[in-house]
Amino acid sequence: MPRQKVPRDAALQFLELYYPIHYKAGIGVEDALRGADLSRHQTAILWLIHSQGQDGKRMRRKDIVQALSTWFEISNAAITKALRGMSVAPLTLVEQAEDPRSGREKIVTLTPAGEDYLVEMILRGRDYVQRIVDGLSDDQVVHGLDFFRRISAIVDSWSKD
């Protein structure tokens, strides 16, 4: 297969595609993940614990704040409110406890109900994305996964600069 020429305005074309995809597909994924019970911030907190937390079950509150502030314009008070809402009935998805290494720090840990909710949340998200994958060829899926991995690695490398 001959190598295709990259358009000179590729960055603009990516922008024109990316921004609407972010809101159409990205918000759709987020809505599928959060279901009817959680706010967008609460969903992001659970995802952070799952993807970056120790054993996918616990994370320092300070690290949650730092990560969320790169995703949203969010105040410390809003994070406190989101965590509090997930700590009490009817959700009781997380517990907050003093970090044994520092009395001023908190550790946020998934409860058994939180672990179960996260599994259901991921299944809902997977089902939503599966509907997108079903519309793609095998080659598009393979190249798409590679493309997203590279984008993630490139953007992650910027934080190390």
I'd like to know if D31 pairs up with R40 as an ion pair, taking the criterion as any Lys NZ or Arg NE/NH1/NH2 lying under 4.0 Å from an Asp or Glu carboxylate oxygen. yes
Linking I/L/V/M/F/W/Y whenever any side-chain heavy atoms sit under 4.5 Å apart, do F147 and V129 land together? no
Do you know the tightest heavy-atom contact between Q13 and P7? NE2-CB, 3.6 Å
Indicate yes or no for a side-chain donor-acceptor contact from Q140 to the backbone of S137 under 3.5 Å, with no hydrogens or angles considered. yes
Going from NE2 on H143 to CG on L136, what distance comes out if it is rounded to the nearest 0.5 angstrom? 12.0 Å
Salt-bridge present (E98, K106; N to O < 4.0 Å): no
Indicate yes or no for a side-chain donor-acceptor contact from Q42 to the backbone of S39 under 3.5 Å, with no hydrogens or angles considered. yes
Steps toward side chain to side chain contact (heavy atoms under 4.5 Å, CB included) verdict (V155, R150): CA-CA 9 Å; V155 173; R150 282 297 302 138; over 6 Å; no
With S75, which residues qualify under side chain to side chain donor-acceptor pair (under 3.5 Å), at least two apart? none
Say you draw a straight line from CD of E105 to CD1 of I107; how long is it, rounded to the nearest 0.5 Å? 8.0 Å
Please enumerate all residues that pass side chain to side chain donor-acceptor pair (under 3.5 Å) together with R58, with sequence neighbours excluded. D55
Would you indicate whether Q52, at its atom CD, is surrounded by more than 12 heavy atoms from other residues, nucleotides or ligands within a distance under 6.0 Å? yes
Distance check, rounded to the nearest 0.5 Å: I79 atom CD1 versus S69 atom OG? 7.0 Å
So, is the end of the R34 side chain (NZ or CZ) under 6.0 Å from the ring centre of Y117 and within 45° of the ring's axis? no
Determine the interplanar angle of the F72 and H41 rings, folded into 0 to 90°, and report it as parallel if under 30°, tilted if 30 to 60°, perpendicular if over 60°. perpendicular
Compare every heavy atom of A32 with every heavy atom of Y128, then report the nearest pair and how far apart it is. CB-CB, 3.7 Å
Testing the basics here: between L110 and G56, what is the closest heavy-atom pair and its distance to 0.1 Å? CD1-O, 3.6 Å
Check whether any side-chain N or O of S102 sits under 3.5 Å from a backbone N or O of D99 as a donor-acceptor pair, and report yes or no. no
Looking at every non-hydrogen atom in both residues, tell me the closest pair between T92 and T111 and how far apart they are. O-OG1, 2.6 Å
I would like to know whether F148 and Y18 meet ring-ring contact (aromatic ring centres under 6.0 Å, His included); could you show each step before the answer? CA-CA 12 Å; F148 280 119; Y18 172 78; 8.9 Å; no
Test item: I49 and I64 side chains (from C-beta on) under 4.5 Å apart, heavy atoms: yes
Return the set of residues passing side chain to side chain donor-acceptor pair (under 3.5 Å) with D134 (not counting sequence neighbours), or none when no residue passes. Q130
Answer with yes or no whether the hydrophobic clustering places V119 together with L38; edges join I, L, V, M, F, W, Y residues whose side-chain heavy atoms lie under 4.5 Å apart. no
Working to the nearest 0.5 Å, report the span between CD of Q96 and OG of S87. 4.5 Å
First locate atom CG of N76, then atom CG of L68, and finally report the distance between them rounded to the nearest 0.5 Å. 10.5 Å
Apply side chain to side chain contact (heavy atoms under 4.5 Å, CB included) to the pair L123 and R126, showing each step before the final yes or no. CA-CA 5 Å; L123 290 174; R126 183 201 62 196; 3.6 Å; yes
One should read off an interatomic distance between L93 CG and D37 CG, to the nearest 0.5 angstrom, of 8.0 Å
Heavy atoms of L46 and L118 approach each other most closely as O-CD1, 3.9 Å
Does the side chain of L145 reach to within under 4.5 Å of the side chain of V141, using non-hydrogen atoms? yes
Residue pair V108 / M86, side-chain heavy-atom distance below 4.5 Å: no
May I ask you to check whether over 12 heavy atoms, not counting those of D138, lie within 6.0 Å of atom CG? no
Go through the steps for W47 and M121 under the test side chain to side chain contact (heavy atoms under 4.5 Å, CB included), then give the verdict. CA-CA 9 Å; W47 191 263; M121 183 176 105; 3.9 Å; yes
Shared hydrophobic cluster, L33 / I132 (ILVMFWY, side-chain heavy atoms < 4.5 Å): yes
Could you check V65 against I74 for side chain to side chain contact (heavy atoms under 4.5 Å, CB included), going step by step and ending with a plain yes or no? CA-CA 9 Å; V65 170; I74 188 168; over 6 Å; no
Give me the atom names and distance for the closest heavy-atom approach of L91 to A113. O-CB, 4.4 Å
Verify the cluster assignment for W158 and I151: are they in a single hydrophobic cluster under the rule of side-chain heavy atoms below 4.5 Å apart? yes
